[in-house]
Amino acid sequence: MNLYIYNTLTNKKERFVPHNHDEVNMYVCGPTVYSEPHIGNARAALVGDLFFRILSELFGNVTYIRNLTDVDDKIIIESDKLGVDINTLTEDITRVYQANMLKLNMLKPTHEPKVTENIDNIIDTIQKILDNKSAYIAENHVVFDMESFSQYGALSNKKSEDLIDGARIKPESYKRNPKDFVLWKPSSHKSCGWDSPWGYGRPGWHIECTSMIKNIIGNDATLDIHGGGNDLIFPHHENEIAQGSCCSSSHYCNFWFHNGIVLVDKKKMSKSLGNVILVSDILEKENPIIVRIALMSAHYRQPLNWTQDTINNSRNIYEKIISSLDTVSSTTTERDSKFIDLLCDDLNTPNALQYIVKQARDAKKDSSVMPKLRYNCGLIGIKSDEGIIDESLTHKIESLISLREAARKNKDYVEADRLRDVLSDMSVTLNDGPEGVSWKIKH
RNA sequence: GGCUAAGUGGCAGAGUGGUAAUGCAGCGGCCUGCAAAGCCGUCAACGCCGGUUCGAUUCCGACCUUAGCCUCCA
């Protein structure tokens, strides 16, 4: 069983081979913790989660790293705006992010490094780049020297001459070349700065990822897979490759995957358009597994247009699957290689969902299919998530149902329908089956 | 302007060198006191123009359109 991944580096779907037989390491760019996670953050994390799951299925030892960027200009601006301490802000947002991802049934990454806990490592990495003569010091900044890395642009297919100097990139007095980027910069902020060989300051945007990766997998190890949103390809990942190649003797990373962004009204979700959808807001009204299915309903490299239809569609899929899963209480599972093959084709989740929906229907007629269905749902993180219904509420619902049953028995259908309306207002759906009445809470 | 991806029925979204899944919606039926659900059946689509081919929606090329990146962004 081979896993194929579309590699941004080559613009081709390629067979994935780990650097070291059955050992895999993967890094996915996590959020900058300055505002509550939105559905786009969740999508990136979900793609990472799915790769983690399928890699764990296929290979023995998978290290999954997802960082938390807690040092950044945006954080400082936001904390000033809100009048809260930087640490309070980043810790609050981190907590919300982790709780949200957990609700969406994502597995905990092997490592979740934070910038603030890796300053020494970052300083080390920058020193290595300086030692390698790939960076220079100017006006208290450490700046990466683009001249030192000839392969720049390989990931995003940008030619150096296309990056019209100064046209988009702000030329700074301390830069020799407008395309150079900052590894370390001075800080005037009391609670956001650290002492370094180059003075009190803080790291630039790109260096943290490279440094934290190297710290975990080893400075001269190659990363197997690196992923993130496709808006990070340039300049962030391009810059990472430059740094990572100039602080170590090894190739930086073999496979790059990039997920498409989430669109709202066919436009990129952005603060300026005011169309940001927060995960917390969605989870207030939607079952998290339905949201998870919605995020899987499009192929990860395609843009995903987030609409009420997306949710409705996913709710339907969820209910079809769960209604089948709930029919048997056994928990046996059976590996389904046909299903795994679908996921191995560059994570084809729309096809995988289709397969599961069909399987759920089959399982209702043929219980021998059930162990495979159960296994497949577990693999991609679909589970029954009814939540715990309050005992007294259950009692109330069931007594209303028996009143209705009595009315039906007396052919008092006016009263029976009235009671059904009462229950419906409580979000309870009734199903009069041949073996009695069943009910469930509407999602 | 450069780079990347994509254009499939009313909507969402797979897939294929020999006319195309699935879900929602629609229509007909079974079931039901009614309904919901479920089940069965059914209607309906491959941006445009060339090329290769016995044959293309699928491969190649041009064009048009859309989204994203080129500035912080998952």
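What you see is a predicted model, and the numbers here were worked out from it, not measured in a lab. Residue numbers start from 1 in every chain, and the chains themselves are labelled A, B, ... in the order their sequence lines are given, proteins ahead of strands.
- Ring planes of A:F16 and A:F255: perpendicular class, angle over 60° (limits at 30 and 60°).
- A gap of 14 Å separates the P atoms of B:rA20 and B:rU42, to the nearest Å.
- With distances taken from any side-chain atom of A:K158 to the nucleotides B:rG23, B:rC70, B:rG68, the minimum falls on B:rC70.
- Separation of the C1' atoms belonging to B:rG68 and B:rU58 is 26 Å when rounded to the nearest angstrom.
- Remark: B:rA37 base-pairs with no nucleotide; criterion is Watson-Crick or G-U wobble with both hydrogen-bond distances under 3.5 Å.
- The distance from atom NE2 of A:H258 to atom P of B:rA6 is 16 Å, rounded to the nearest whole Å.
- Across B:rA12, B:rG23, B:rA14, the shortest atom-to-atom separation from the side chain of A:K266 is found for B:rA12.
- A salt bridge links A:D417 with A:R420: at least one charged nitrogen is closer than 4.0 Å to a carboxylate oxygen.
- Within the 4.0 angstrom heavy-atom criterion, only backbone atoms of the sugar-phosphate kind lie near A:L263; the bases stay farther away.
- At the heavy-atom level, A:R404 lies under 4.0 Å from base atoms of the strands shown.
- A donor-acceptor contact under 3.5 Å is not formed by the side chain of A:Q354 with the base of B:rA14.
- Side-chain atoms of A:D417 and base atoms of B:rG33 include a donor and an acceptor less than 3.5 Å apart.
- Rounded to whole Å, atom C1' of B:rA21 lies 8 Å from atom CG of A:N351.
- Taking 3.5 Å as the limit, the base of B:rC34 and the side chain of A:D432 contain a donor-acceptor pair of atoms between them.
- Across B:rG13, B:rA74, B:rC3, the shortest atom-to-atom separation from the side chain of A:N157 is found for B:rC3.
- Taking only side-chain atoms of A:N11, from C-beta outward, the nucleotide of B:rA74, B:rA5, B:rA12 with the closest atom is B:rA5.
- Pairing for B:rG50 is with B:rC60, a Watson-Crick or G-U wobble pair whose two hydrogen-bonding atom distances lie under 3.5 Å.
- At whole-Å resolution of the value, CG in A:L295 and P in B:rA74 are 16 Å apart.
- Taking atom CD of A:E208 as the reference point, atom P of B:rC72 lies 14 Å away to the nearest angstrom.
- The base of B:rA35 sits with one of its N or O atoms less than 3.5 Å from a complementary donor or acceptor on the side chain of A:R420.
- For the pair A:R301 and A:F257, the cation does not sit on the ring face, since its NZ or CZ is not both under 6.0 Å from the ring centre and inside 45° of the axis.
- Counting non-hydrogen atoms under 4.0 angstrom, A:K268 reaches a base of the nucleic acid.
- Distance A:Y355 OH to B:rA21 C1': 14 Å, rounded to the nearest Å.
- Considering only the side chain of A:N431, B:rA37 comes nearest among B:rA37, B:rA74, B:rG23.
- Searching all strands for a Watson-Crick or G-U wobble partner of B:rC24 with both distances below 3.5 Å returns B:rG10.
- Of the C1' atoms belonging to B:rU71 and B:rG15, the separation is 39 Å, rounded to the nearest Å.
- Across all strands shown, B:rU19 forms no Watson-Crick or G-U wobble pair with both key distances under 3.5 Å.
- Residue A:R408 places no side-chain N or O under 4.0 Å from the OP1 or OP2 atom of B:rU32.
- The aromatic rings of A:F181 and A:F144 sit parallel to each other, their planes meeting at less than 30°, with 60° as the upper class boundary.
- Checking A:T210 against A:Y252 by side-chain atom types alone, a donor-acceptor pair falls below 3.5 Å.
- Contact annotation for A:Y97: no contact, since no heavy-atom pair falls under 4.0 Å across all strands.
- Distance noted for atom C1' between B:rA45 and B:rU4: 27 Å (whole Å).
- Using a 4.0 Å cut-off between charged side-chain N and carboxylate O, A:K13 and A:D345 make a salt bridge.
- If you take CD of A:E238 and C1' of B:rU4, they are 13 Å apart, rounded to a whole angstrom.
- Nucleic acid contact for A:V262: base, since at least one base atom lies under 4.0 Å from a heavy atom of the residue.
- Ion pairing between A:R202 and A:D73 holds under the 4.0 Å rule for side-chain N and carboxylate O.
- Between the NZ atom of A:K358 and the P atom of B:rG15 there is a distance of 13 Å, given to the nearest Å.
- B:rA44 makes up no base pair with any nucleotide shown, lacking Watson-Crick or G-U wobble contacts both under 3.5 Å.
- Residue-level contact check: A:N230 touches the backbone only, with heavy atoms under 4.0 Å from sugar-phosphate atoms and none from bases.
- The base of B:rA14 has none of its N or O atoms less than 3.5 Å from a complementary donor or acceptor on the side chain of A:H299.
- Residue A:Y6 has its side chain nearest to B:rU4 when only B:rC34, B:rU4, B:rA74 are considered.
- Counting only N and O atoms by type, the side chains of A:Y64 and A:D49 include no donor and acceptor under 3.5 Å apart.
- Nucleotide B:rG68 forms a pair with B:rC3, judged by Watson-Crick or G-U wobble geometry with both contacts under 3.5 Å.
- Here the nucleotide nearest the side chain of A:I261, chosen from B:rG33, B:rU4, B:rA74, is B:rA74.
- Among the protein residues, A:G40 comes within range of the nucleic acid bases, having at least one heavy atom under 4.0 Å from a base atom.
- Distances were taken from every side-chain heavy atom of A:N313 (C-beta onward) to each of B:rA5, B:rA12, B:rG33; the shortest belongs to B:rA12.
- Here A:P350 lies in heavy-atom contact (under 4.0 Å) with sugar-phosphate atoms only.
- Both A:G229 and A:D345 lie close to RNA chain B; mapped to their nearest nucleotides by heavy-atom distance, the more 5′-ward contact belongs to A:D345.
- Between B:rA37 and B:rU32, the distance separating the two C1' atoms is 11 Å to the nearest Å.
- In this entry the distance linking CG of A:D412 with C1' of B:rC34 reads 13 Å, nearest Å.
- In this structure, the ring of A:W184 has its center no less than 6.0 angstrom from the ring center of A:H141.
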